[in-house]
Amino acid sequence: NADCTVLATGGATGTVVAPLRPAGHALLDGRRVDVLRMAGAEKAQMIVFANDGQWLNAATLGPIRAAFPHIEVVARAFDRRQWLALRAADVTVVVREVFESAILTGREALLKLGTDLETAAAIEAEVRRRDAERLAMQLCSGDIMAGRDSIFRVGGPAFVPDAVGE
């Protein structure tokens, strides 16, 4: 069972903290290196940024990465552009909230329309594969338009899973 200190930020102002607040500390901003030090980040294995919005970026992360280079950083990104920025800022794991909700919505829609689970899973896997390829191209090139030919489009080539679930 790992020890855990929870720091939270709320938009432009910090809101934070358990267990710091019960100790009599004011509300603090979990994006600040001094707050992270007070929370024991020198001994931490990971920092998770799971805030709404697009406030997390290289300028915010630079001082944190410099102060705590040993820490894995996991973050939630609003969209593709923020994902690219966070990966370029050396965030270990980035989860795109808009993408993940779109995948879930699409899968549920396919199932409600009567698509069998195996076919829906194959379609999801293909969308994820194409998206991962596109993200890799965009990250390497710095061009947000890279790989746009891999996007599913109305009137474009259809993806039909074969019998082995491909």
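From a predicted model like this one, the values you see are computed outputs, not experimental measurements. Quick note: residue numbers are just sequence positions, from 1. Only this structure's heavy atoms are used, side chains among them; waters, hydrogens and symmetry mates stay out.
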Main-chain N/O of Glu97 paired with Ser101 side-chain donor or acceptor, under 3.5 Å: yes

Hphob cluster co-occupancy, Leu113 + Leu117, side-chain heavy atoms under 4.5 angstrom: no

Shortest non-hydrogen separation from Arg37 to Ala67 and the atoms involved: NH2-CB, 3.7 Å

Polar side-chain atom of Arg87 near backbone of Val91 as donor-acceptor pair, under 3.5 Å: yes

Audit row: Val73, Met46, side chain to side chain contact (heavy atoms under 4.5 Å, CB included) steps and yes/no: CA-CA 6 Å; Val73 176; Met46 178 182 299; over 6 Å; no

CD1-CD distance between Ile103 and Glu100, expressed to the nearest 0.5 angstrom: 6.5 Å

Under 3.5 Å donor-acceptor, Thr92 side chain and Val74 backbone: no

Salt bridge Asp34-Arg32, side-chain N to carboxylate O under 4.0 Å: yes

Heavy-atom closest contact (Ala41 atom, Ile71 atom, distance): O-CD1, 3.2 Å

Separation of Met137 CE from Arg148 CZ (nearest 0.5 Å): 11.0 Å

Between Gln82 and Arg96: side-chain donor-acceptor atoms closer than 3.5 Å: no

Gap separating the CG atom of Asn57 from the CG atom of Leu61, nearest 0.5 angstrom: 7.0 Å

Minimum-distance pair of heavy atoms, taken over all atoms of Ala146 and Ser141: CB-OG, 3.6 Å

Transitive ILVMFWY side-chain link Phe99 to Leu104, under 4.5 Å: no

Step-by-step salt bridge (charged side-chain N to carboxylate O under 4.0 Å, His left out) determination, Arg129 to Glu124: CA-CA 9 Å; Arg129 183 192 68 75; Glu124 177 182 342; over 6 Å; no

Euclidean distance, Leu110 CG relative to Thr119 OG1, rounded to 0.5 Å: 9.0 Å

Distance (rounded to the nearest 0.5 Å) between Ile144 CD1 and Arg80 CZ: 6.5 Å

Within one Ile-Leu-Val-Met-Phe-Trp-Tyr cluster: Ile47 and Val33, side-chain cutoff 4.5 Å: yes

Interatomic distance, Glu108 atom CD to Thr115 atom OG1 [nearest 0.5 angstrom]: 11.5 Å

Polar side-chain atom of His70 near backbone of Glu42 as donor-acceptor pair, under 3.5 Å: yes

Residue pair Asp143, Gln138: steps toward the side chain to side chain contact (heavy atoms under 4.5 Å, CB included) verdict: CA-CA 5 Å; Asp143 179 6; Gln138 291 171 328; over 6 Å; no

Leu139 versus Ala88, closest heavy-atom pair with distance: CD1-N, 4.2 Å

Candidate pair Trp83 and Val98, rule side chain to side chain contact (heavy atoms under 4.5 Å, CB included), full reasoning: CA-CA 11 Å; Trp83 185 94; Val98 172; over 6 Å; no

N-O pairing of Arg130 and Glu133 below 4.0 Å: no

